[in-house]
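Take a look at the structure below.
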Amino acid sequence: MSFAAVDVIRAKRDGGELSDPQIDWVVDAYTRGEVADEQMSALAMAILLNGMTSREIATWTAAMIASGERMDLSSVPRPTVDKHSTGGVGDKITLPLVPLVAACGAAVPQLSGRGLGHTGGTLDKLESIPGWRARLSGAEYRAQLADLGAVICAAGDTLAPADRKLYALRDVTGTVEAIPLIASSIMSKKIAEGASALVLDVKVGSGAFMKSLPDARSLAETMVRLGHDHGVRTVALLTDMSTPLGRTAGNALEVTESVEVLAGGGPADVVALTVELAREMLAAVGLSDVDPALALADGRAMDVWRRMIAAQGGDPSAPLPVAPEVEVVRAEADGVVSRLDAYAVGVAAWRLGAGRARKEDPVSASAGVVMLRKPGEAVRAGEPVLELHTESADRIAGALEALAGALDIASEAPAVLPLTMERIDA
Ligand code: URA
């Protein structure tokens with residue numbers, strides 16, 4: 001069935017509901033190039049302004065999945081489960097989590113992306129390991145998954161190609177923030193990836209896509225429903241992103257911190273969230289009797305990490321790149337750190353070279369921010385609070401500007417908020 005694109009745009013512009021054939025046609029015609037970028041831009045803006053019903057979102061997501069291949073992981077001799085985070089500052093959880101869950105008996109087929117803007121990308125982080133490569137053939141991917149139960153690699157061109165095109169368009173037309181479009185974008189890729197279960201980490205706060213709890217809840221509920229509609233057991237945790245996770249933001253810095261977690265140390269918040277997400281993933285595939293905290297403590301997760309890195313050409317023992325320039329930010333008063341804003345730290349890390357403004361930009365492996373003090377920790381005037389790492393000293397001024405007003409020191413410790421705010425199940 002064929003439609004005039006302008007009629008589909010007008011229907012949504014005027015607050016109407018698109019029919020299933022209209023949605024199937026417009027997604028397919030856009031992927032083939034028959035619907036032009038300017039027409040899809042107008043439709044995306046109409047969706048952002050007027051929303052979509054649950055039925056429209058379900059059909060839109062199915063059409064995006066159908067634009068490419070849905071992977072078949074039935075040959076993998078372990079239950080398959082994946083995790084997706086909506087992205088935050090210092091969010092390196094995927095790195096220790098994937099080998100940890102594999103060490104507990106499940107297989108994690110993690111197709112990941114690169115960072116854009118103030119949030120880092122998992123592939124950028126792993127590429128700071130000498131020799132590691134993100135691209136695997138389909139055969140390599142399946143073999144590694146069957147052998148180790150752990151793969152983190154780049155998504156191929158056949159996974160939801162409609163999303164690849166639409167996401168790039170949304171990025172330059174101010175239409176990223178539409179909940180129906182975010183939910184369908186994330187879930188089309190995750191469902192097409194073929195895992196039988198999925199745990200979503202939906203971030204809430206200044207460093208996240210979703211700044212408010214109601215918006216994050218609405219996104220999480222939409223995604224959980226989409227997963228279940230497509231036969232994927234899906235659970236979401238809403239977790240805090242008002243302050244960065246752990247003590248590092250930046251590619252090699254985050255790999256080092258992840259390895260500390262795999263060695264049984266690391267920051268308490270990163271360890272707690274890694275173990276909590278691992279428990280959810282294992283429970284989703286019937287392995288709730290396995291304790292991931294044990295696999296972290298006894299080195300089994302570290303063994304899988306080292307084999308996973310080596311299987312993709314990386315040297316897990318190689319030293320990571322170190323930034324030649326380090327600027328120290330010192331406390332201006334005695335007291336307790338009461339706030340360290342995630343968004344500001346993300347922008348600072350990005351300006352230091354850790355992130356990219358456009359998809360094709362290179363990233364620095366060594367750049368980023370080290371947080372020597374975090375909310376709740378005491379500090380004396382003049383003591384170091386942050387370190388800014390960069391390859392070029394001329395980036396430091398921009399990072400300091402991003403951090404202006406980002407750190408508060410008070411006389412009393414702030415109230416401790418739970419890292420996980422809500423859990424959303426079907
Ligand atoms: N991540 C995605 O993959 N898609 C979005 O729309 C937003 C975040």
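All ligand and atom numbering here is 1-based and tracks the order in the structure. Note that these values count all heavy atoms, side chains included, but never hydrogens, waters or copies made by symmetry. Note that this is a predicted model, so its numbers are computed, not measured.
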* To do: Work out whether the distance between some heavy atom of I182 and some atom of ligand 1 is less than 4.0 Å.
  => yes

* Do any nitrogen or oxygen atoms of D163 lie less than 3.5 angstrom from nitrogen or oxygen atoms of ligand 1? -> no

* Within a distance under 4.0 Å of any heavy atom of F209, pick out the atoms of ligand 1 and give their elements. => 7 (C), 8 (C)

* **Test item: side-chain donor near acceptor, S54 and R225, under 3.5 Å** => yes

* Could you tell me which atoms of ligand 1, counted from 1 in the order shown, lie closer than 4.0 angstrom to a heavy atom of I186? => 1 (N), 2 (C), 3 (O), 4 (N)

Would you give me the side-chain donor-acceptor pairs under 3.5 Å for residues 208-217, sequence neighbours excluded?
residue, atom, partner, partner atom, Å
K211, NZ, S206, O, 2.9
K211, NZ, A208, O, 2.7
S212, OG, D215, N, 3.3
R217, NE, E422, OE1, 2.9
R217, NE, E422, OE2, 3.3
R217, NH2, E422, OE2, 2.6

* Polar side chain donor-acceptor pair, S85 to D91, under 3.5 angstrom -> yes

* To do: Return yes or no for this condition: an N or O of H84 is under 3.5 Å from an N or O of ligand 1.
  => no

* For atom 3 (O) of ligand 1, find the nearest protein heavy atom and state the residue, atom name and distance (0.1 Å precision). => K189 NZ, 2.5 Å

* Asked: Counting N and O atoms only, with roles assigned by atom type, does the side chain of Q22 sit under 3.5 Å from a partner on the main chain of V8, one being a donor and the other an acceptor?
  -> no

* To do: Could you verify whether a donor N or O on one side chain and an acceptor N or O on the other, from E257 and T248, lie under 3.5 Å apart?
  => yes

* Enumerated ligand 1 atoms positioned under 4.0 Å from heavy atoms of S185 -> 2 (C), 3 (O), 4 (N), 5 (C), 6 (O)

* To do: State, with a plain yes or no, whether a side-chain heavy atom of P316 is found less than 4.5 Å away from one of R307.
  => no

